[in-house]
Amino acid sequence: MAEAVVCFVAEGLEEFVSRNGEYLSEIRDQVQLALTELQLMRSFAKFVDRRQGDDVEARSWVSRIRDAAYDLEVIVETYSLKVVLRRKGVSQTAMKRYACMFIDRSRVRKIESKICDITNTISELRLSLQTNRIEVLIPNYLPPRDTEHHPHPIVGLEAKVEELVMHLVENEDPVIAIWGMGGTGKTTLAKEVYHHNAVRRHFDCFAWMCISEEFEVRRVLEEILVQFISPTNEHREEIASMDDDEIAGILFRLQGEKRCLVVIDDIWTNQAWSLLRLAFPPYDATGSKILLTTRNEEVAIYAARYGFIWHCNPLNWDESWELFENIAFSGRNDRGPEIFERMKELGVRMIRHCEGLPVAIVTLAGLLARKKTLDEWNRVYENIHRNYIEGYTSVHWMLAMSYDDLPYYLKPCFLYLGQFPEDFEIPAKELTQLWIAEGFISLAQQKQRLLATVEDVAYNCLSELVERRIVQVGKRGSVRKIKTCRMHDIMRELCLSKAREEDFLKIVNFSNIGHEPTGKVRRLALYFDGNDVELVSSRYESHDHVRSLLFFGPKNWIPKSTTYILSTFKDLKFLRVLKVEYMVREVRLPTEIGNMLCLKFLSLRKSNIIWLPPSLGNLICLQTLNLDFCHSNDRTPIIPNVIWKMEQLRHLYLPYYSSSSVLRLSNLCNLQTLSCVSSDFCDMSDLTKLTNLRKLGIRLSRPVQNLEELLRSASSTLNRIQSLFVKNDVGVNIQEEVMQIVLSCCRIYKLKLYGPIKELSTDPQHYPNLTKLSLCECHLEDDQMAILERLPNLRILSLQSLSFQESTKTLVCSSGGFLRLETLSLEDLETLEEWRIEEGAMPSLLQLGIHCCYILKTVPHGLIYITSLRDFTIGRMPRTFYSRLQEGGEDFYIVRRVPCLVLGDVHEE
């Protein structure tokens, strides 16, 4: 990955010189010379990247080029701290810490000397490559535009699903094991079975657990229990306080009383099964079952010795070709018939090497889908044929080839995904923010792609990884944008293998005490439970070269010592990324946080932070700051009025409640996300200056003075808002003010309203772009449903507790209403007794959810007219409601044709 490192460091230097040229007088010449050498090195770096797989000398070159570029980056950032100290007033602590480096000319000369040494190293490497007659390749620096991703169809699966469903529902097999080598589609098969209609109707409780090689039994059993009973927050805390035997006992009893299905995905050893098996009833229990997947035949035999084993065979030839053709030739009818036939011939030869493994076929097809010419297809075939002759394992070199084919700007983006735990659902927005903070996305890329923001560039990079079938889409949002993503476990293995080769990141799992990082650690991902935190300080506090530190632990974890968790970071002065979330014990953020002047991403989301130090204002390089804390009712966080100093901030997440004085935000002209600004501790007039805002959350805790004048002044800001959240904590007295704010944001496509509002605008054209709407405690009159159903582009609608007044007993969806609605959720509508759907209403509906509507008698008869409905989920409803929908029930005829009907937990009255 030498090319990527060289390019990103060079682009970062170019941006730095452009932005701070007037402050570089002492080292300007050295920086320019280093920049020239890096630019000359780019084409050589690309070539040695291609050779390093089978060439020891090339791997050595890559390592030396990468280290020199990184060292240069650190030196220039060190100098940039001097620039910061000259331009900004920072705390005395930070001044003492850094200013000593620039007291006199002799220290400047040392920096000059270091830059010259690194420049000479890069120059010598380049000359060495020239001497060895390395050809110069001109890289294509303009990445291709993003195109829409169409997911590939499931091939050869239907019959397998039906047979496994029969074993679960009709046979007495207590354990069913799906066994097969990696990449054969075990997890896909298990998911189809798990969501099958017959399975959902047969079982009462469901749980799905992905098991890593190293797992904690207690956490697995606790999570299964949580999925079974969907507890309240208070009940969750009660479960967390139980000992292991209590949790196992509750699980044991529950599975004896109800028919429960547990899926354990990717279990590796007999020992792991033995540890988990103790919490499940014996084989003569009534109806509860376990479905597991494993790559190990011995585990399948051991776990299902009284059950059924399904061998997940590779796809046959016809299935392999259908899957390949659907992806590789999708939308490609622009070729002449002779070329097309030749490509088909090459495709036939190539997929023989995939050995029927879906993951290899999908990856190969995704690679070829981007190859436009016959020559490119021939080159891919020659690579495959050569690797086959040399005896490499098909699936691994197929995936490795897809990585090698990535352009330089995508390789670090892909490797970065390896930090997230196995089967982790990665939020797309947070991922792109992390990429930007790491420097993977540059202004140069933004200009080349002619895109509005670097966030757009980052999202396009994610879309391209999805299009190449390297990354999978988890969820999509209301306008079809990627909301979450994940990696196939085999693709993750490749990712981690390449990351180790490139010395890109280190993962430390504290349950594996022997796993110690070696060499220069630039990115650390720490996996731990609440008992492991004190181990952090003794291992990593002296690693000055660490640039990224991500913590991954259980949600709502309670560290034994909160002193360690943040005070140890005082020496990580070049850290760019820090992510520490879900600490529920009260924490006072240490003053030393202000020493990390290079921080660009800081997330303390859902942590119980009660105090932030004034030194936080030193972090003037921050681009993303997430202070969306959890808090107890009696203590709210104190935030110093220093955020205004962070002029590079692009995304700011504030807590709902704070004991702070008024925060000044008017300086934050680059801000795109502001959530949630409160009239309690923010000056609402600051919004007039934030002209780049795209996402805005507002909490109204008291009436806003001169609101009409403020809205007029802020019109240029509000006209750009795409996503709006308004929380009314005052009540009915400011209902009209809430709607004034909403109507001032005329281009929003996502809107969430929490609290009383007077009424919606009767003219749907006031919301021409609105695609997603969430309402909670709005107390609307029931006639407002007629306004909602006329919104022209609404695709997602969520109606939550008291969306309508308590007197509202009936809701009606009229014929011709909700023409584009695809997802509808009714939740906690506790006064709703009847819901009617007229023929012709909601003709595009795909997903429907009903939860906690306790007195709703039945599903509407009109659902039979909605032939588009694919998923219908019901949860926490009375037992009589479920019985009417089950086979033989009064309302079964309404839902019998819905492909996926999920009947969740019963609400016991």
Side-chain angles (χ1 to χ4, degrees), residues 15 19 84 87-88 427-437 441 443 446 451-459 576-578 599-605 612 616-629 639-656 658 660 662-700 704 710-711 713-727 741 744-752:
E15 290 177 23
R19 189 169 59 246
V84 168
R87 295 180 61 184
K88 305 288 181 184
K429 185 163 187 176
E430 181 180 271
L431 177 63
T432 55
Q433 291 170 354
L434 288 166
W435 283 348
I436 294 167
I441 312 297
L443 290 174
Q446 178 189 343
L451 292 171
T453 66
V454 287
E455 284 80 6
D456 294 333
V457 179
Y459 180 81
R576 283 182 173 177
V577 169
L578 176 58
L599 262 187
K600 295 187 176 183
F601 180 100
L602 173 60
S603 179
L604 303 167
R605 185 169 64 99
L612 294 167
L616 190 73
N618 297 346
L619 310 183
I620 62 174
C621 294
L622 274 178
Q623 299 169 344
T624 299
L625 176 60
N626 196 327
L627 305 178
D628 180 17
F629 304 139
I639 304 174
N641 183 23
V642 294
I643 294 177
W644 62 271
K645 298 179 181 180
M646 306 170 187
E647 295 181 1
Q648 295 184 40
L649 262 186
R650 305 175 71 84
H651 307 282
L652 174 60
Y653 305 87
L654 295 171
Y656 277 0
S658 173
S660 310
V662 175
L663 298 179
R664 175 184 165 195
L665 303 175
S666 58
N667 278 34
L668 309 181
C669 299
N670 293 308
L671 211 58
Q672 296 184 24
T673 303
L674 176 56
S675 177
C676 179
V677 58
S678 171
S679 55
D680 256 353
F681 55 88
C682 295
D683 184 348
M684 304 300 281
S685 64
D686 285 348
L687 294 176
T688 61
K689 308 289 180 56
L690 309 181
T691 54
N692 285 304
L693 268 186
R694 297 296 179 269
K695 180 175 182 178
L696 174 62
I698 298 176
R699 174 180 162 262
L700 297 173
V704 180
L710 188 153
L711 294 177
S713 301
S715 60
S716 60
T717 295
L718 299 177
N719 282 339
R720 292 180 172 86
I721 300 297
Q722 298 172 352
S723 177
L724 176 67
F725 167 53
V726 183
K727 189 175 191 295
I741 294 172
S744 298
C745 302
C746 57
R747 297 183 182 179
I748 51 173
Y749 65 85
K750 292 171 65 175
L751 173 62
K752 183 174 182 179

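In what follows, residues are counted from 1 in the order of the sequence shown. Predicted model, so just to flag it, every value in this text is computed and none were measured.
At least one donor-acceptor pair under 3.5 Å links the side chain of N692 to the backbone N or O of C669. Between the side chain of T717 and the backbone N or O of L690 there is at least one donor-acceptor pair closer than 3.5 Å.
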Tell me, with the steps shown, if L668 and I643 meet side-chain contact (heavy atoms from CB on, under 4.5 Å). CA-CA 9 Å; L668 309 181; I643 294 177; 3.9 Å; yes

Evaluate the side-chain contact (heavy atoms from CB on, under 4.5 Å) criterion for residues S603 and L578: first the C-alpha distance (whole Å), next the side-chain angles of each, then the deciding distance (0.1 Å), finally the verdict. CA-CA 7 Å; S603 179; L578 176 58; over 6 Å; no

Would E455 and R650 satisfy salt bridge (charged side-chain N to carboxylate O under 4.0 Å, His left out), going step by step from the backbone distance to the final call? CA-CA 10 Å; E455 284 80 6; R650 305 175 71 84; 2.8 Å; yes

Evaluation steps, side-chain contact (heavy atoms from CB on, under 4.5 Å), between R747 and I721: CA-CA 6 Å; R747 297 183 182 179; I721 300 297; over 6 Å; no

Please determine whether side-chain contact (heavy atoms from CB on, under 4.5 Å) holds for the pair L696 and L718, giving the CA-CA distance in whole Å, both sets of side-chain angles, and the decisive distance to 0.1 Å. CA-CA 9 Å; L696 174 62; L718 299 177; 4.2 Å; yes

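C746 and N719 get closest at one heavy-atom pair: SG-OD1, 3.5 Å. Here the closest non-hydrogen pair linking K600 and L622 is C-CD2, 3.5 Å. In plain terms, the two heavy atoms of N641 and R664 that are nearest each other are OD1-N, 2.8 Å. Of all non-hydrogen atoms in Y656 and F725, the two that sit nearest each other are OH-CE2, 3.1 Å.
Within the structure, the salt bridge (Lys or Arg N to Asp or Glu O under 4.0 Å) test picks out the following pairs touching residues 670-694 (sequence neighbours left out): D680-R699, D680-R702.
Side chain to side chain, S678 and K727 fail the donor-acceptor criterion of an N or O pair below 3.5 Å. Using a 3.5 Å distance cut-off with no hydrogens or angles, the side chains of T624 and H651 do not pair a donor with an acceptor.
Screening S675, C676, C682 for a side chain to side chain contact (heavy atoms under 4.5 Å, CB included) involving L654 leaves a single residue, C682.
Here D628 pairs with K606 under the side chain to side chain donor-acceptor pair (under 3.5 Å) rule; sequence neighbours left out. In terms of the side chain to side chain donor-acceptor pair (under 3.5 Å) criterion, T432 has no residue partners (sequence neighbours excluded).
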